[in-house]
Amino acid sequence: MELLGGCYEQILFGFVIRSDENWAAVPDFTHHAHSASLSAVAVNDRYVVTGSRDETIQIYDMKKKVEHGALMQHNGTVTCLEFYGSAHLLSGAEDGLMCIWNTKRWECLKSIKAHKGHVTSLSIHPSGKLALSVGTDKTLRTWNLVEGRSAFIKNLKHNAHLVKWSPSGEIYVVVIANKVDMYKLATASVFGSITTEKRVSSVKFITDSILAIAGDEEFVQLFDCDSQKCLCEFKAHENRIKEIYSFEMEGLHILVTASSDGYIKMWSLDLNKIKNSPSLLCEVNTKARLTCLAVWLKRDSEIKETPNEAATSSSQAHEEEQPLTKKKKNCWTECEKSSKGDGQETPVRRKSANVQQQKKKSCRD
């Protein structure tokens, strides 16, 4: 398990987490990842990708501990990154594009003009058939990833900056400033809202019914999704919290927080005693202005992210997607078949000493 943090100082930090009797974060690497501040980080079972204000996505092979190259499809800050399984990545940026990447050959399968303004956040449904995105054009957009097209557009009164699916994919949240609106997939309508004192910077589903919220203050709040009531509030840092992350390991629910105070902390949540403040497992002071956070997990152990990356969702969510999916394979699968006429797989990347950079292709809509 590796704790990863990006910062304004253009560095990606890596810390190995030892989870024996006494949890500890041991420095593993510091990599000058970009020529500008880091804005996003995502992980799958092998790779870590980072986005930056320098308009590039850098790839790192965590198993070999080497650079794997750079993706250069976007013009503008890369604002959001999310893997789906081990074979695909979605990226969004200030150029309004949402790109679908094949992570076996690291090629752009499709580039969609998702928003008239910036893409501020995106989230992939656990089934892989739908995605949500929000941008600075005051819209929430639902994407049919089976056909690679827009499925639904909802106009918002204000610009949203975060969107997130629940682990089951039956609900999702949209964040505008200090307000978190909760939607049901079945109705695509708001069934509840949570308002905090200050701007929300990060949201994470611990379970389908528990949502963690952090923002421009030192506290983390855990809310019940059904009642929208606060279950627990605890002080996590001495400065505003930039991002939170969560995963489950051997029955433990772990919450990770990163703050402008330079600290990354790991907490253990007892869901049976949710009203009690979580216990601190370990902390590390990066002495940097942190911007983004992730945890790279070894998938061969009993560890899973929350929300999970299940290939299928609940039967209810699946039934409601049928009008969109039309029982086809994902569009990225179809694009892969048509992208290589001879069916042969090309080498993934060159070694880090001679980094191959993928130039912008004519794969835009």
Side-chain angles (χ1 to χ4, degrees), residues 2 4 40-51 56-64 66-74 78 80-93 97-112 114 122-133 143-149 165 167 169 247 294-301 303-313 317-318 321 324-325 327-350 356-358 361 363:
E2 191 113 2
L4 303 163
V41 60
V43 297
N44 69 1
D45 58 352
R46 178 166 183 173
Y47 296 104
V48 172
V49 292
T50 56
T56 69
I57 300 170
Q58 298 288 339
I59 312 165
Y60 309 92
D61 187 324
M62 289 298 291
K63 292 185 178 180
K64 296 181 179 180
V66 296
E67 289 183 48
H68 201 63
L71 306 177
M72 301 177 67
Q73 186 71 22
H74 290 290
V78 178
C80 41
L81 297 164
E82 185 168 324
F83 279 103
Y84 181 74
S86 60
H88 299 96
L89 171 74
L90 256 65
S91 63
L97 295 180
M98 183 175 70
C99 295
I100 302 174
W101 302 91
N102 173 295
T103 62
K104 301 299 183 183
R105 295 186 292 269
W106 291 110
E107 62 182 350
C108 180
L109 300 176
K110 194 172 184 67
S111 183
I112 304 167
L122 58 83
S123 184
I124 306 171
H125 190 272
S127 69
K129 297 175 181 178
L130 297 174
L132 296 171
S133 68
W143 300 96
N144 182 341
L145 295 181
V146 174
E147 299 180 352
R149 62 173 178 81
W165 284 106
F247 61 95
V295 179
W296 180 72
L297 306 169
K298 294 182 179 179
R299 305 295 177 171
D300 54 356
S301 62
I303 301 176
K304 62 181 180 179
E305 280 186 70
T306 54
N308 58 42
E309 293 181 340
T312 58
S313 61
H318 179 70
E321 286 168 8
L324 294 178
T325 60
K327 298 182 180 179
K328 292 181 181 180
K329 294 182 179 180
N330 289 351
C331 76
W332 37 50
T333 305
E334 297 300 321
C335 290
E336 286 179 63
K337 289 181 180 180
S338 61
S339 63
K340 291 290 177 182
D342 56 6
Q344 296 180 354
E345 192 168 303
T346 54
V348 180
R349 300 300 263 177
R350 295 177 189 168
Q356 178 185 1
Q357 294 188 330
Q358 182 161 333
K361 295 183 178 180
C363 65

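What's counted below: heavy atoms across the whole structure, side chains too, no hydrogens, waters or symmetry copies.
Side-chain atoms of Trp165 come within 3.5 Å of backbone atoms of Ser123 as a donor-acceptor pair (strictly under, hydrogens ignored). Side chain of Tyr60 to backbone of Gly69: no donor-acceptor contact under 3.5 angstrom is found.
The shortest side-chain heavy-atom distance between Leu145 and Ile100 falls under the 4.5 Å cut-off. Contact check for His88 versus Leu109: side-chain heavy atoms found under the 4.5 Å cut-off. Side-chain contact between Trp106 and Tyr47: present, with at least one pair of heavy atoms (C-beta onward) separated by less than 4.5 Å. For the pair Val49 and Trp101, the minimum side-chain heavy-atom distance is 4.5 Å or more.
Gly169 approaches His125 most closely through the heavy-atom pair O-NE2, 3.1 Å. For the residue pair Val43 and Ala294, the shortest heavy atom distance occurs at CG1-CB, 3.9 Å. The minimum heavy-atom distance between Ala114 and Met98, with the atom names listed, is CB-CB, 3.9 Å. In terms of heavy atoms, Gly148 sits closest to Lys110 at O-CE, 3.0 Å. Between His68 and Asp61, the closest heavy-atom pair is CB-N, 4.3 Å.
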Could you walk me through whether Leu71 and Ile59 satisfy the side-chain contact (heavy atoms from CB on, under 4.5 Å) test, starting with their C-alpha distance in whole Å, then the side-chain angles of each, then the deciding distance to 0.1 Å, before giving a yes or no? CA-CA 8 Å; Leu71 306 177; Ile59 312 165; 3.9 Å; yes
Could you go step by step and tell me if Asp45 and Phe83 meet the side-chain contact (heavy atoms from CB on, under 4.5 Å) rule? CA-CA 10 Å; Asp45 58 352; Phe83 279 103; over 6 Å; no
Take His74 and Cys99 through the side-chain contact (heavy atoms from CB on, under 4.5 Å) test and state the conclusion after the steps. CA-CA 9 Å; His74 290 290; Cys99 295; 3.5 Å; yes
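Put simply, CG on Asn44 and OG1 on Thr103 are 6.0 Å apart, with the number rounded to the nearest 0.5 Å. Rounded to the nearest 0.5 Å, atoms CG (Leu132) and CH2 (Trp143) are 11.0 Å apart. For the atom pair CG (Leu97) and OG (Ser111), the distance works out to 4.0 Å, reported to the nearest 0.5 Å.
For the side chain to side chain contact (heavy atoms under 4.5 Å, CB included) test, residues two or more places apart in sequence or in another chain that qualify with Ala40 are Leu81. Judged as a salt bridge (Lys or Arg N to Asp or Glu O under 4.0 Å), and not counting sequence neighbours, Glu82 has no contacts. In terms of the side-chain hydrogen bond (donor to acceptor under 3.5 Å, both in side chains) criterion, residue partners of Thr50 (sequence neighbours excluded) are, by chain and number, His34.
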